[in-house]
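Beneath this line is the structure, given in structure tokens, with notes to follow.
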Amino acid sequence: MEGHTRGRVTRDGIRIHEDADFSGMHVAGRLAAEILDEVAPLVTPGATTGELDDFIRARVEASGATSATIGYRGYQHASCISVNHVVCHGIPGPKLLKDGDILNIDVTVIVDGWYGDTSRMFVAGSLSRKAERLIQVTHDALMRGIGAVRPGATFGDIGHAIQAYVEAQRMSVVRDFCGHGLGRVFHAPPNVLHYGRPGSGPRLEEGMFFTIEPMVNLGRPETKVLADDWTAVTRDKSLSAQFEHSVGVTADGCDIFTLSPANRFHPTW
Ligand code: MF3
Ligand code: CO
Ligand code: CO
């Protein structure tokens, strides 16, 4: 039946990749995750986010890969670094990290044409109880979303799993940014919403590649973008956290392409 052909695109515009494509995604995803493993020790009070980005840029180049973000819609950096109430797309620069800051670092690399996109949370120095809880809930929300990935489920099932968990913890899910299909392109259909109703949205099929990257706020979900046209912040200035994995749908669940080789994805305290 036509519907089983791999290498096609669904009517929602979602590419169905072939078995051989999974290995390309594993290589790209592992490199992105490895770079985040290596940046971890540099995240200390007194470091600047620009220094962290310099390390990431050099590490991408040294590996022979390409940064997907440098030159993307005019963006000039090898990472996005989003500190405290910055929700996403924080621009690295001279800002000094101070004790207790929490930050998301998001790296996307291209290896042999395949995109690996991942982000996770880091802490400079000591961590407050409320920040620890936010980070824990955001990580667990991502893993619950990933737990809903299998052929026959829908994208609404993923969003629902995330939203139901986060709201039960009395935190909020950001609506203004979403995950995305990827593969040989950075941002492809579908939009992967981190909220939704069970059974809604396109149906998942083996061979789909996409990110899940929930942003969770301690306060309200509304965001605004600053005058630099990139930096998204919480409107109420509440703390925000995010974790991101790139995944591929398999016959019975999913592969996570961006697993941390050092097993440092989840921060342990
Ligand atoms: N890596 C981000 C994502 O998860 C996209 C960053 S685009 C940039 O989709 F230009 F801001 F870097
Ligand atoms: Co992404
Ligand atoms: Co990303």
Side-chain angles (χ1 to χ4, degrees), residues 14-15 25 28-37 39 49-50 52-57 59-60 65-83 86-93 95 103-111 114-122 138-139 141-143 145-146 149 155 158-159 162 173-194 208-216 223-233 240-248 254 256-260 265:
I14 306 169
R15 177 160 294 278
M25 289 297 287
R30 185 183 312 113
L31 176 63
E34 198 167 41
I35 292 171
L36 291 182
D37 288 346
V39 82
T49 56
L52 303 178
D53 185 70
D54 289 343
F55 170 84
I56 292 165
R57 180 188 302 245
R59 182 64 180 78
V60 172
T66 304
S67 164
T69 54
I70 297 172
Y72 177 79
R73 299 184 180 211
Y75 195 76
Q76 298 291 341
H77 306 273
S79 62
C80 297
I81 304 186
S82 303
V83 182
V86 178
V87 173
C88 63
H89 301 163
I91 301 176
K95 183 187 166 64
L103 50 151
N104 174 279
I105 306 182
D106 190 339
V107 172
T108 310
V109 297
I110 314 169
V111 182
W114 297 101
Y115 284 68
D117 184 4
T118 184
S119 79
R120 66 178 84 145
M121 295 302 293
F122 299 84
T138 309
H139 172 274
L142 167 60
M143 298 320 287
I146 290 173
V149 176
F155 281 94
I158 298 172
I162 293 167
V173 174
V174 169
R175 311 291 203 273
D176 299 335
F177 300 92
C178 56
H180 49 93
L182 84 173
R184 286 193 179 278
V185 289
F186 195 173
H187 293 114
N191 287 332
V192 180
L193 306 183
H194 304 114
M208 289 181 175
F209 296 166
F210 52 87
T211 73
I212 308 178
E213 48 182 297
M215 286 138 276
V216 174
T223 70
K224 69 175 179 190
V225 175
L226 301 185
D228 61 24
D229 275 345
W230 284 104
T231 311
V233 300
S240 187
Q242 179 178 28
F243 285 85
E244 174 175 28
H245 269 315
S246 299
V247 305
C254 77
I256 303 176
F257 298 129
T258 44
L259 287 175
S260 159
F265 185 73

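Both ligands and their constituent atoms are indexed starting at 1 by order of listing. All figures in this text were calculated on a predicted structure; none of them were measured in a lab. For the numbers below, each heavy atom of this structure counts, side chains included, while hydrogens, waters and symmetry mates do not. Nothing fancy with the numbering, it's 1 onward along the sequence.
For T108, the closest heavy-atom approach to ligand 1 falls below 4.0 Å. The shortest heavy-atom distance from H180 to ligand 1 is under 4.0 Å. The shortest separation from a heavy atom of R73 to ligand 1 is not under 4.0 Å, leaving the residue out of contact.
In this structure, atom 6 (C) of ligand 1 lies nearest to the protein heavy atom C80 SG, 3.9 Å. Nearest protein heavy-atom neighbour of atom 5 (C) of ligand 1: F186 CZ, 3.7 Å. Of the protein's heavy atoms, D117 OD2, 3.4 Å lies nearest to atom 3 (C) of ligand 1. From the protein, the heavy atom lying nearest to atom 12 (F) of ligand 1 is T69 CG2, 3.1 Å. Closest to atom 4 (O) of ligand 1 among all protein heavy atoms lies E213 OE1, 2.9 Å.
Residue side and main chain included, D106 places no N/O/S atom under 2.8 Å of the Co ion (ligand 2). Here H180 reaches the Co ion (ligand 2): one of its N/O/S atoms is less than 2.8 Å from the metal.
Within the 6.0 Å centre-distance limit, the rings of F265 and F243 are counted as a close aromatic pair. Aromatic ring centroids of H187 and Y72 lie under 6.0 Å apart.
Ligand 1 has a nitrogen or oxygen under 3.5 angstrom from a nitrogen or oxygen of D106. At least one N/O-N/O distance between H187 and ligand 1 falls below 3.5 Å.
Checked by atom type and distance alone, the side chain of S79 never pairs as donor or acceptor with a backbone atom of V107 at under 3.5 Å. Under a 3.5 Å cut-off, the side chain of D53 and the backbone N or O of A78 do form a donor-acceptor pair. Looking at T258, its side chain never comes within 3.5 Å of a backbone N or O of A33 through a donor-acceptor pair. The backbone N or O of E244 sits less than 3.5 Å from a side-chain atom of T118, completing a donor-acceptor pair. At least one donor-acceptor pair closer than 3.5 Å links the side chain of H194 to the backbone N or O of E213.
Surrounding CG of N191 are at most 12 heavy atoms belonging to other residues, nucleotides or ligands under 6.0 Å away.
Ion pairing of D37 with R30 is absent here, as no side-chain N (NZ or NE/NH1/NH2) approaches a carboxylate O to less than 4.0 Å.
Looking at D117 and the Co ion (ligand 2) together, the shortest N, O or S contact belongs to OD2. When the Co ion (ligand 2) is compared with the N/O/S atoms of E244, atom OE2 turns out nearest. Of all N, O or S atoms in E213, the one lying closest to the Co ion (ligand 2) is OE2.
There is no side-chain donor-acceptor pair under 3.5 Å between D117 and T211.
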